[in-house]
Colleague: 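After the structure tokens below, expect a handful of questions from me.
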Amino acid sequence: MPYWLMKSEPDELSILDLQRLGQARWDGVRNYQARNFLRSMQVDDLMFFYHSSCPQPGIAGIARIASAHYPDPAALEPESPYFDAKASDTKNPWSAVDVAFVEAFKQVIPLATLKNQTALLGLPLVQKGSRLSVMPVSADEWAAVLSLR
DNA sequence: GCCAACGTTGGC
DNA sequence: GCCAACGTTGGC
């Protein structure tokens, strides 16, 4: 079963928001590589929930993929920040999935800590210049992060 | 707020 | 197909 890591700005959706909601739509992915990863997800895959662009960037918890991918409705909504004029009902290039809350870590595992782990050197998250917002995580990387809780 | 790095756009 | 310009990401 594949594992994933997905970035969210906690101002938009934090792990505690997801805990309160139970489930939420993961939309607004506007990068083809990230979108392709969304499309290869299976229901019940697990993902690390990463907080980005915030005072304490890091992995904040775990969620579960709760739906197959589907066309991202936000791309069709003119009021949405994720609106894409090139998207239409019949041709929507963007995808979304639903995710369900699994666990909120007592403390966020800081990016600086993740960068110190030899086991995580292959993870795009810690690589210089990488901006990928959805990425696969190997079983070894998954275990390495869990050991930091 | 700064800035490095990246992805996309569009002229040629 | 090249590449400069631009907008965005995201840590610090």
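Letters A, B, ... mirror the listed sequences (proteins, then strands); counts begin at 1. Model, not experiment: these values are computed from the prediction.
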Colleague: Please pick, from B:dC6, C:dG11, B:dT8, the nucleotide with the shortest atom-to-atom distance to any side-chain atom of A:Tyr32.
Modeller: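 Per side-chain heavy atoms of A:Tyr32, the pick is B:dT8.
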
Colleague: Nearest-Å distance, CZ (A:Arg30) to C1' (B:dT8)?
Modeller: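 Rounding to the nearest Å, CZ of A:Arg30 and C1' of B:dT8 are 15 Å apart.
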
Colleague: Look at the side-chain N and O atoms of A:Lys7 and state whether any lies under 4.0 Å from the OP1 or OP2 oxygen of C:dG11.
Modeller: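 Checking C:dG11 against A:Lys7, no side-chain N or O comes under 4.0 Å of OP1 or OP2.
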
Colleague: Measure CG/A:Asn116 against C1'/C:dG11 and give the value in whole Å, please.
Modeller: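 The distance from CG of A:Asn116 to C1' of C:dG11 comes to 15 Å, rounded to the nearest Å.
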
Colleague: Is it true that atom CD of A:Gln127 has more than 12 heavy atoms of other residues, nucleotides or ligands lying nearer than 6.0 Å?
Modeller: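 For A:Gln127, atom CD is crowded (more than 12 foreign heavy atoms under 6.0 Å).
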
Colleague: Is the distance between the ring centroids of A:Trp94 and A:Tyr82 under 6.0 Å?
Modeller: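 Centroid distance A:Tyr82-A:Trp94: not below 6.0 Å, so no.
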
Colleague: Does A:Ser133 use its side chain to pair, donor to acceptor, with the backbone of A:Lys7 at less than 3.5 Å?
Modeller: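 Looks like no, no N/O pair under 3.5 Å.
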
Colleague: Within this structure, what is the CZ-to-P distance between A:Arg131 and C:dT8, rounded to whole angstrom?
Modeller: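 Those two atoms, CZ and P, are 10 Å apart.
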
Colleague: Step by step, would you call A:Leu5 with A:Phe37 a side chain to side chain contact (heavy atoms under 4.5 Å, CB included)?
Modeller: CA-CA 10 Å; A:Leu5 182 145; A:Phe37 285 131; over 6 Å; no

Colleague: To the nearest Å, how far apart are A:Lys115 NZ and C:dG10 P?
Modeller: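 Taking NZ of A:Lys115 and P of C:dG10, I get 12 Å after rounding.
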
Colleague: How long is the line joining CG of A:Asn31 and P of B:dT9, in whole Å?
Modeller: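 The distance from CG of A:Asn31 to P of B:dT9 comes to 12 Å, rounded to the nearest Å.
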
Colleague: Tell me: CG of A:Asp11 to P of C:dG10, nearest whole Å?
Modeller: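 Distance check: A:Asp11 CG to C:dG10 P gives 14 Å.
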
Colleague: Should A:Lys128 be listed as having a side-chain N or O under 4.0 Å from OP1 or OP2 of B:dA5?
Modeller: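 Answer yes for this pair, as a side-chain N or O of A:Lys128 is under 4.0 Å from OP1 or OP2.
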
Colleague: Verify the contact: side-chain N or O of A:Lys86 to OP1 or OP2 of B:dT9, cut-off strictly under 4.0 Å; return yes or no.
Modeller: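 A:Lys86 to B:dT9 OP1/OP2: side-chain N or O found under 4.0 Å.
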
Colleague: Between C:dT9 atom P and A:Gln127 atom CD, what is the distance in whole Å?
Modeller: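 Atom-to-atom, A:Gln127 to C:dT9, this comes out as 20 Å.
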
Colleague: Between residues 49-58 of chain A and DNA chain B, which residues have a heavy-atom gap below 4.0 Å?
Modeller: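 Those residues: none at all.
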
Colleague: Between C:dT8 atom P and A:Asp84 atom CG, what is the distance in whole Å?
Modeller: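 Atom CG in A:Asp84 sits about 13 Å away from atom P in C:dT8.
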
Colleague: Please report whether the ring centroid of A:Trp4 lies less than 6.0 Å from that of A:Phe49.
Modeller: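 When the ring centroids of A:Phe49 and A:Trp4 are compared, they turn out to be at least 6.0 Å apart.
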
Colleague: Rounded at 0.5 Å granularity, tell me how far CZ in A:Phe83 sits from CD in A:Glu79.
Modeller: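 One finds 8.5 Å between CZ of A:Phe83 and CD of A:Glu79.
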
